[in-house]
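For reference, the structure discussed in these notes is given below.
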Amino acid sequence: MPCSCTASPEAIRITDITARDGFQSVKEWIPTEIKLRVIDELIAAGIKKMEIASFVSPKAIPQMSDAAEVTAHVVNNNPGVDVVVLAPNLRGVQDAANSGASEISYIISASSKHNRANINRTHEESLDDLSAIRERFPDLKINLSMSAVFGCPFDGEITPQQVLWLLHEGMKRGIDSVSLCDTIGVANPRQVMALLPEIKAAAPSLPLALHLHDTHGMALANTYAALQCGVTCFETAGGGLGGCPFAPGAAGNAATEDTVNMLHRMGMQTEIDLGKLLIAVNTIKQTIMHDLPSHLAKARSYSEFCFCRF
């Protein structure tokens with residue numbers, strides 16, 4: 001059933017995940033100074049919340065071996081920016097807290113097989129660790145980053161009941177927010193508009209974000225569908241970088257610049273300067289990956305045609 005509510009034009013918030021989900025998919029080592037340059041340029045563009053690193057074993061994701069240094073830099077130099085880091089277990093959370101992070105994204109997949117492939121754990125093991133993390137770090141903000149919500153490369157279809165079960169289990173353990181992740185980019189707008197009302201009905205006061213991948217070119221369409229359901233928070237990556245290393249065939253994230261461009265052309269505000277954002281994207285293009293998948297990484301913005309007569 002279509003959603004009837006719409007997002008307030010002034011309320012759209014972007015969490016940029018370039019430095020975490022974007023960079024972790026790049027096989028060649030990105031020098032720490034380049035990572036920090038991109039992060040600083042994204043902040044200069046008006047990004048107020050960033051997921052900047054993963055506190056995981058360097059053997060699993062070598063690109064994240066400088067997570068502590070990157071986190072400390074951002075925390076110490078940008079007091080007005082909300083810093084989020086991903087941590088899949090208690091040890092990772094401890095390392096993240098030591099680096100100054102005040103919010104973690106704790107990842108559990110809605111799919112049992114993907115959870116095993118991604119973090120080598122059963123649902124029960126992940127939930128037990130979540131309980132231990134909340135007990136040991138009562139003041140730490142915990143976002144449940146729920147993977148493979150709209151489909152799994154191993155289990156196939158993921159039902160709303162599976163998503164709601166994991167959501168309730170997370171809420172029982174004290175999560176502060178949830179991100180619904182289309183890990184392999186297979187969601188479609190009707191699917192998004194069918195699931196979101198159930199999530200909002202089950203947890204009306206829990207902050208909710210959508211994390212979309214663009215494997216089949218539907219990330220912006222799904223963003224618009226989510227807006228119709230009252231979702232006002234989206235996780236995106238500069239240049240459209242990204243892709244889960246443990247989900248075969250997954251492509252990059254919804255591009256921050258493409259998402260911001262669409263929102264601005266619809267008359268919605270993000271407090272992000274698109275021109276400055278494109279400076280950061282150009283740095284990514286020149287120093288990390290020349291052939292970026294986003295649209296505005298290749299095309300002119302045609303800003304003179306943004307009339308916003310709504």
Side-chain angles (χ1 to χ4, degrees), residues 14-45 47 49-74 83-88 92 95-96 99 101 105 107 114 117-119 145 147 153 179 181-185 211-215 217 219 234-259 277-298:
I14 299 292
T15 298
D16 186 89
I17 57 174
T18 306
R20 198 281 296 174
D21 199 351
F23 289 171
Q24 77 173 15
S25 67
V26 179
K27 294 182 179 180
E28 185 176 345
W29 171 251
I30 305 170
T32 304
E33 59 268 24
I34 296 297
K35 294 177 182 176
L36 296 180
R37 176 183 169 187
V38 172
I39 290 170
D40 288 344
E41 289 177 346
L42 289 168
I43 293 171
I47 297 292
K49 187 170 185 177
M50 308 182 77
E51 188 175 280
I52 59 169
S54 291
F55 281 81
V56 295
S57 168
K59 294 180 180 179
I61 305 180
Q63 193 66 258
M64 293 290 110
S65 61
D66 58 356
E69 182 179 353
V70 169
T71 302
H73 169 86
V74 181
V83 175
V84 186
V85 299
L86 186 145
D95 292 340
S99 297
S105 187
I107 188 167
H114 181 255
N118 195 26
I119 55 176
S145 183
S147 303
S179 297
C181 305
D182 184 20
T183 306
I184 57 173
H211 176 130
L212 299 165
H213 287 245
D214 203 34
T215 307
F234 299 90
E235 298 178 357
T236 61
L241 286 177
C244 177
F246 305 105
N253 291 280
T256 303
E257 64 273 22
D258 290 348
T259 303
L277 178 59
L278 290 174
I279 293 174
V281 173
N282 188 60
T283 297
I284 296 170
K285 187 174 182 179
Q286 296 299 322
T287 63
I288 298 173
M289 183 179 293
H290 176 70
D291 189 20
L292 293 172
S294 83
H295 293 283
L296 287 190
K298 303 179 180 70

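When reading the values below, keep in mind they use all heavy atoms of this one structure, side chains included, and skip hydrogens, waters and symmetry mates.
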For the atom pair CG (D16) and CE (M50), what is the distance rounded to the nearest 0.5 Å?
-> 5.0 Å
Look up atom OG1 in T215 and atom CD1 in I184, then write down how far apart they are to the nearest 0.5 Å.
-> 7.0 Å
Is T71 reaching over with its side chain to a backbone N or O of A68, donor-acceptor style, under 3.5 angstrom?
-> no
How many angstroms lie between atom OG1 of T15 and atom NE2 of H211, to the nearest 0.5 angstrom?
-> 11.0 Å
Output for pair (L42 CG, I47 CD1), nearest 0.5 Å, gives 6.0 Å
Nearest heavy-atom pair of A255 and G240: which atoms, and what distance?
-> CB-N, 3.6 Å
Specify the closest pair of heavy atoms between P62 and W29, including all atoms of both residues, with the distance to one decimal.
-> O-CZ3, 3.5 Å
Identify the heavy atoms of L292 and G239 that sit nearest to each other, and give their distance.
-> CB-O, 3.6 Å
Taking the side chain as C-beta and beyond, is there a heavy-atom pair between I34 and F23 under 4.5 Å?
-> no
Would you say N282 and E41 make side-chain contact, with heavy atoms under 4.5 Å?
-> no
Nearest 0.5 Å please: distance from the CD1 atom of I107 over to the CD1 atom of I119.
-> 6.5 Å
E257 (side chain) donor-acceptor with G238 (main chain) under 3.5 angstrom = no
To the nearest 0.5 Å, tell me how far T236 OG1 sits from L277 CG.
-> 8.0 Å
4.5 Å side-chain heavy-atom contact, K49 and V84 = yes
Determine whether T287 and R37 make a side-chain contact, defined as any pair of heavy atoms from C-beta on separated by less than 4.5 Å.
-> yes
Evaluate whether atom NZ of K298 has more than 12 neighbouring non-hydrogen atoms of other residues, nucleotides or ligands under 6.0 angstrom away.
-> yes
Taking the side chain as every heavy atom from C-beta outward, state whether I288 and V38 have any pair of such atoms under 4.5 Å apart.
-> yes
Do side-chain atoms of Q63 reach the backbone of E28 as a donor and acceptor pair under 3.5 angstrom?
-> yes
Side-chain donor or acceptor of D258 paired with backbone N/O of H295 under 3.5 Å | yes
Under 3.5 Å, side chain of S57 to main-chain N/O of K59, donor-acceptor pair present?
-> yes
Any donor-acceptor pair under 3.5 Å linking the side chain of S147 with the backbone of T183?
-> no
Taking all non-hydrogen atoms of both residues into account, name the closest pair between S54 and A67 and its distance.
-> O-CB, 3.5 Å
Give a yes or no on whether the backbone of G242 and the side-chain of D21 come within a donor-acceptor separation of less than 3.5 Å.
-> no
For residues H213 and N253, determine if any side-chain heavy atom of one lies less than 4.5 Å from a side-chain heavy atom of the other.
-> yes
Which atom names give the shortest non-hydrogen contact between S25 and G22, and what distance separates them?
-> OG-O, 2.8 Å
Where the side chain of K35 meets the backbone of V70, is there a donor-acceptor pair that is under 3.5 Å apart?
-> no
Nearest heavy-atom pair of E235 and S179: which atoms, and what distance?
-> OE2-OG, 2.5 Å
